[in-house]
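To start, the structure itself, in structure tokens.
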Amino acid sequence: MFAERDLSATVSAVRETHAPDALVLETERDFEVLDPAVAEELGLLVDRLEPHRYPAAWLPPDVPEELARYAGSAFTIGAPGDGSVVWTRQTTPPTVLIKPRVEGSPPAFVEFLLAEALVEVGLDVAVPGPNDDSPPPDAGGVDTASAPPPHRPPPEHFLGFFRGRYPDLATATPLDPAGTYQFAAALYDGWLGLHTRETFANWAAAGADDLAPLGSAWADAGDRLTGRLEDLPREVARGETGFAEAAELACAAIKHDLALPSPFGALNTDAYRSRGPPFAIRWAEKTFEALE
């Protein structure tokens, strides 16, 4: 099911800098959520398996079956919407998995996806909580005293980001469970992008450096998003694009350091970077109130 990926010199340099112990593997089959029996096969390739456990209280009463299964007791990796390259810290060393669906994609873009995963899995940042010094005293009208403690390194799924506040996010939106899932995943992707984009921008500014091709791929991917972002408010107003889908597109643009249209611009800020889930929930409340 798994085979070690031969990395280019460029991606190897990224691994050495950001996640030197990470294992990079190709998977035999595509997947959204890796079957527990298959996931456990990783135990043959890594030193230790450390399955995540999520409290039942972190889930609102009605959630998609995939999320309930992901949060359950079975060991699994990946979730719907994760894309072609995923990473996990449920293994020691951490593991990056490349799905067969990358075949046919431009090689430069695949290289960027691998490099992005290595940067993310090697991040040393904490999800803000009441013991974190980063949120200012006034968190946008949000009471952070009841927020969960900081999480370091960042989790691999939005459920580990919102934790006990995920039901609050669900309450703050009129979206159905699937839409709330997509919305939460987008918000977490945006928060990660606030932490990774400086690294990507440095690649783009590298000139003749070996990492410059990764910077070019990052910039090209951002250029392809620009036109969609400009039309996004009109698409949402006309009902051509749902709000969760629009949030997914806007939050994906954050890691490319692009300007976001209203109302998503508030997420492209140091305030969201430092305050995290409480900020996102309060923003969602205000945004949906304004849309009514």
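Only a predicted model underlies this, so the values are computations on that prediction, with no experimental measurement involved. We're numbering straight along the sequence, starting at 1.
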Self-check item: Taking every non-hydrogen atom, the tightest pair across Ala246 and Thr241
Solution: N-CG2, 3.8 Å
Exercise. Name all residues meeting the side-chain hydrogen bond (donor to acceptor under 3.5 Å, both in side chains) criterion together with His157; count only those two or more places apart in sequence or in a different chain, and write none if there are none.
Key: none
Exercise. Check whether any side-chain heavy atom of Leu232 sits under 4.5 Å from a side-chain heavy atom of Phe264, and report yes or no.
Key: yes
Self-check item: Polar side-chain atom of Trp203 near backbone of Trp218 as donor-acceptor pair, under 3.5 Å
Solution: no
Self-check item: Test salt bridge (charged side-chain N to carboxylate O under 4.0 Å, His left out) applied to Glu41 - qualifying residues, sequence neighbours left out
Solution: none
Quiz item: Taking the side chain from Glu26 and the backbone from Ala3, do they hold a donor-acceptor pair closer than 3.5 Å?
Solution: no
Quiz prompt | Side-chain heavy-atom pair Cys251, Leu267 within 4.5 angstrom cut-off | solution = yes
Quiz item: Between Pro128 and Gly276, which heavy-atom pair has the shortest distance, and what is it?
Solution: CG-N, 3.9 Å
Quiz prompt | Exam field: side chain Arg89 to backbone Val121, donor-acceptor pair closer than 3.5 Å | solution = yes
Practice problem: Look at the aromatic rings of Phe200 and Phe112 and report parallel, tilted or perpendicular, splitting at 30° and 60°. | Solution: perpendicular
Quiz item: If you take all heavy atoms of Leu260 and Ala250, which pair is closest and at what distance?
Solution: CD2-O, 3.4 Å
Quiz prompt | Asp210 CG to Ser12 OG distance, which is reported to the nearest 0.5 Å | solution = 11.0 Å
Quiz item: Is it true that a side-chain atom of Asp82 and a backbone atom of Ala79 form a donor plus acceptor pair closer than 3.5 Å?
Solution: yes
Quiz item: Taking Val96 as the fixed residue, which of Leu113, Thr88, Val85 is the one that meets the side-chain contact (heavy atoms from CB on, under 4.5 Å) rule?
Solution: Val85
Practice problem: Go through the steps for Arg273 and Asp270 under the test salt bridge (charged side-chain N to carboxylate O under 4.0 Å, His left out), then give the verdict. | Solution: CA-CA 5 Å; Arg273 189 180 192 272; Asp270 288 340; 5.3 Å; no
Quiz prompt | Phe288 and Phe243 aromatic centres sub-6.0 Å | solution = yes
Quiz item: Linking I/L/V/M/F/W/Y whenever their side-chain heavy atoms sit closer than 4.5 Å, directly or via other members, would Val33 and Ile98 fall into one cluster?
Solution: no
Practice problem: Taking the side chain as every heavy atom from C-beta outward, state whether Val24 and Arg15 have any atom pair closer than 4.5 Å. | Solution: yes
Quiz item: Under the side chain to side chain donor-acceptor pair (under 3.5 Å) criterion, do Arg197 and Asn268 qualify, and how do the steps go?
Solution: CA-CA 11 Å; Arg197 66 185 182 186; Asn268 196 13; 2.5 Å; yes
Practice problem: Could I get the full list of side-chain contact (heavy atoms from CB on, under 4.5 Å) partners for Thr171, not counting sequence neighbours? | Solution: none
Exercise. Can you see which heavy atom on Ala115 is nearest to which on Leu214, and at what distance?
Key: CB-CD1, 3.8 Å
Practice problem: Supply the atom-to-atom distance His195 NE2 to Ile254 CD1, rounded to the nearest 0.5 angstrom. | Solution: 10.5 Å
Quiz item: Does Leu23 sit in a hydrophobic cluster with other residues, and if so which ones, taking ILVMFWY side chains as linked at heavy-atom separations under 4.5 Å, directly or through other members?
Solution: Met1, Phe2, Leu25, Phe31, Leu34, Val38, Leu42, Leu45, Val46, Leu49, Phe75, Ile77, Val86, Leu97
Self-check item: Sequence neighbours excluded - salt bridge (Lys or Arg N to Asp or Glu O under 4.0 Å) pairs with any residue from residues 58-73
Solution: Glu65-Arg69
I'd like a table of donor-acceptor pairs (distance under 3.5 Å, sequence neighbours excluded) in which one partner is a side-chain atom from residues 177-189, with atom names and distances.
{"residue": "Thr180", "atom": "OG1", "partner": "Asp176", "partner atom": "O", "Å": "3.1"}
{"residue": "Tyr181", "atom": "OH", "partner": "Pro80", "partner atom": "O", "Å": "3.2"}
{"residue": "Gln182", "atom": "NE2", "partner": "Glu248", "partner atom": "OE1", "Å": "3.2"}
{"residue": "Tyr188", "atom": "OH", "partner": "Pro155", "partner atom": "O", "Å": "2.3"}

Quiz item: Does Glu40 have any side-chain hydrogen bond (donor to acceptor under 3.5 Å, both in side chains) partners at least two apart in sequence or in another chain, and if so, which?
Solution: none
Quiz item: Looking at side-chain heavy atoms only, is the closest gap between Val127 and Arg163 below 4.5 Å?
Solution: yes
Donor-acceptor pairs under 3.5 angstrom involving side-chain atoms of residues 222-230: please list them, not counting sequence neighbours.
{"residue": "Thr226", "atom": "OG1", "partner": "Gly222", "partner atom": "O", "Å": "3.2"}
{"residue": "Arg228", "atom": "NH2", "partner": "Glu235", "partner atom": "OE1", "Å": "3.4"}

Practice problem: Side-chain contact test, heavy atoms from C-beta onward, threshold under 4.5 Å: evaluate it for Trp191 versus Val125 and give yes or no. | Solution: yes
Quiz item: Who pairs with Glu16 by side-chain hydrogen bond (donor to acceptor under 3.5 Å, both in side chains), at least two apart in sequence or on another chain?
Solution: none
Quiz item: If you look only at pairs with a residue in residues 94-121, which of them pass as a side-chain hydrogen bond (donor to acceptor under 3.5 Å, both in side chains), with sequence neighbours excluded?
Solution: Ser8-Glu111, Asp30-Arg101, Trp87-Glu120, Thr91-Thr95, Glu116-Lys255
Quiz item: Under a 4.5 Å cut-off applied to non-hydrogen side-chain atoms, are Phe162 and Asp168 in contact?
Solution: no
Quiz item: For the residue pair Pro233 and Ser262, what are the closest heavy atoms and their distance?
Solution: CG-O, 4.1 Å
Practice problem: Just grab all the salt bridge (Lys or Arg N to Asp or Glu O under 4.0 Å) pairs involving residues 42-58, residues at least two apart or on different chains. | Solution: Arg48-Glu50
Quiz item: Heavy atoms, side chains only, cut-off 4.5 Å: are Leu123 and Pro153 in contact?
Solution: no
Exercise. For the pair Phe161 and Tyr272, name the ring-plane relationship: parallel under 30°, tilted 30 to 60°, perpendicular over 60°.
Key: perpendicular
Quiz item: Can you name the residues that form a side-chain contact (heavy atoms from CB on, under 4.5 Å) with His18, not counting sequence neighbours?
Solution: Val14, Val119, Thr199
Exercise. Find out whether Tyr166 and Leu67 are in side-chain contact, i.e. whether some heavy atom of one side chain is under 4.5 Å from a heavy atom of the other.
Key: yes
Self-check item: Smallest separation among heavy atoms of Ala74 and Pro36, with atom names
Solution: CB-CG, 3.8 Å
